[in-house]
Amino acid sequence: MTPYGTGRPLLTPVDQDGSRRSARLRRLGLGERADASYDSFDAFADRVAEVTATPFSMVNFIDENRQFFAGLHTPGGTASGADLGAAAAGSGHRRRHMARDHGYCPHVLERRKALVLEDVCDYPRFAGNPVVDDIGIRSYLGAPLIDRTGVALGTVCAVDTVPRPWGRAGLDVIKLLAREIVTQIEHREAFRP
């Protein structure tokens, strides 16, 4: 990793808990593909976008190799040139996977606490991330999804293409939303065959 303040981008943190997280995601049946069972995650991402008034929001599960948007809200809910999933995947249609080294969610997992970036360009360690140039992300608000076993499964996050003054209120909201979606995941597990 590159030290903070050197003007060079920080590499994605080493995933200390990747194999444990991947095993837990497999056991929960999460993070592999989008199907009808993920509709509730999309609905939750829509709610996150509404609450935070952002164009993009995700419920994101992260395995050892990639990120999977189980819940994805994009502007207008349609695939477009500005679609986060499409831009992240380098394609013209909505995608649900992104490289593990793109974005800020892997940093949230490593920290195991919320991350607020009002303007990513104010932070040399985050300004060089590919999502800044490739997608135009300028602000990020995310919190880890830590389940009852203590595993950080992924994140819930809201992002915007303009700087945002999230403040303490934004931090409190994203942490509350993270707790809410973890409760839904645990409910889903209780009824899984």
Exercise. Identify, with sequence neighbours excluded, every residue that meets side chain to side chain contact (heavy atoms under 4.5 Å, CB included) alongside Val173.
Key: Val51, Thr52, Leu177
Practice problem: Would you indicate whether the side-chain heavy atoms of Arg21 and Leu109 approach each other to under 4.5 Å? | Solution: yes
Quiz item: Quick one: does Glu186's side chain get under 4.5 Å of Asp147's, heavy atoms only?
Solution: yes
Self-check item: Tyr104 side chain near Val159 side chain, heavy-atom distance below 4.5 Å
Solution: no
Quiz item: Can you check side chain to side chain contact (heavy atoms under 4.5 Å, CB included) on Phe69 and Thr74, steps first, answer last?
Solution: CA-CA 11 Å; Phe69 306 133; Thr74 60; over 6 Å; no
Practice problem: Determine, step by step, whether Asp17 and Arg24 satisfy the salt bridge (charged side-chain N to carboxylate O under 4.0 Å, His left out) criterion, reporting the C-alpha distance in whole Å, the side-chain angles of both residues, the deciding distance to 0.1 Å, and the verdict. | Solution: CA-CA 11 Å; Asp17 209 22; Arg24 182 76 175 128; over 6 Å; no
Practice problem: Answer yes or no: are there more than 12 heavy-atom neighbours, outside Arg27 itself, under 6.0 Å from its atom CZ? | Solution: no
Quiz item: If you look only at pairs with a residue in residues 137-146, which of them pass as a salt bridge (charged side-chain N to carboxylate O under 4.0 Å, His left out), with sequence neighbours excluded?
Solution: Asp119-Arg138
Self-check item: Contact list for residues 154-163, test salt bridge (charged side-chain N to carboxylate O under 4.0 Å, His left out), sequence neighbours left out
Solution: Asp160-Arg164
Exercise. Could you grab the distance from atom OG of Ser57 to atom CZ of Phe44, nearest 0.5 Å is fine?
Key: 9.0 Å
Quiz item: Hey, what do you get for CG (Leu145) to CG (Leu153), rounding to the nearest 0.5 Å?
Solution: 6.5 Å
Self-check item: Nearest-0.5 Å distance, CD of residue Gln67 to CD1 of residue Ile62
Solution: 4.5 Å
Quiz item: Which heavy-atom pair separates Thr54 from Ala158 by the least distance, and what is that distance?
Solution: OG1-CB, 3.6 Å
Quiz item: Tell me, which pairs form a ring-ring contact (aromatic ring centres under 6.0 Å, His included) where one or both residues lie in residues 159-179, sequence neighbours left out?
Solution: none
Practice problem: For residues Leu28 and Phe61, determine if any side-chain heavy atom of one lies less than 4.5 Å from a side-chain heavy atom of the other. | Solution: no
Quiz item: Do you know the tightest heavy-atom contact between Ala70 and Asp42?
Solution: O-OD1, 3.7 Å
Self-check item: Ring centroid separation Phe41 to Phe68 under 6.0 Å
Solution: no
Quiz item: Do you know which two heavy atoms are closest between His73 and Ala49, and how far apart they sit?
Solution: CD2-CB, 3.3 Å
Quiz item: From Thr149 OG1 over to Glu189 CD, what is the distance, rounded to the nearest 0.5 angstrom?
Solution: 8.0 Å
Self-check item: Whether Ser22 side chain and Glu64 backbone form a donor-acceptor pair below 3.5 Å
Solution: yes
Quiz item: In Å and rounded to the nearest 0.5 Å, what is the CG to CG distance from Asp63 to Leu30?
Solution: 11.5 Å
Practice problem: Taking side chain to side chain contact (heavy atoms under 4.5 Å, CB included) as the test, write out the residues that go with Leu171, two or more places apart. | Solution: Ala114, Val116, Arg168, Lys175
Quiz prompt | Closest heavy-atom pair and its distance - Ile174, Cys157 | solution = CD1-CA, 4.2 Å
Quiz item: Is there side-chain contact between Tyr140 and Cys105, with at least one heavy-atom pair below 4.5 Å?
Solution: yes
Self-check item: Reported CZ-to-CD1 distance for the pair Arg179 and Ile146, which is rounded to 0.5 angstrom
Solution: 11.0 Å
Quiz item: What residues, two or more places apart in sequence or in another chain, satisfy side-chain hydrogen bond (donor to acceptor under 3.5 Å, both in side chains) together with Arg47?
Solution: Glu180
Quiz prompt | Shortest non-hydrogen separation from Val151 to Arg112 and the atoms involved | solution = C-NH1, 4.4 Å
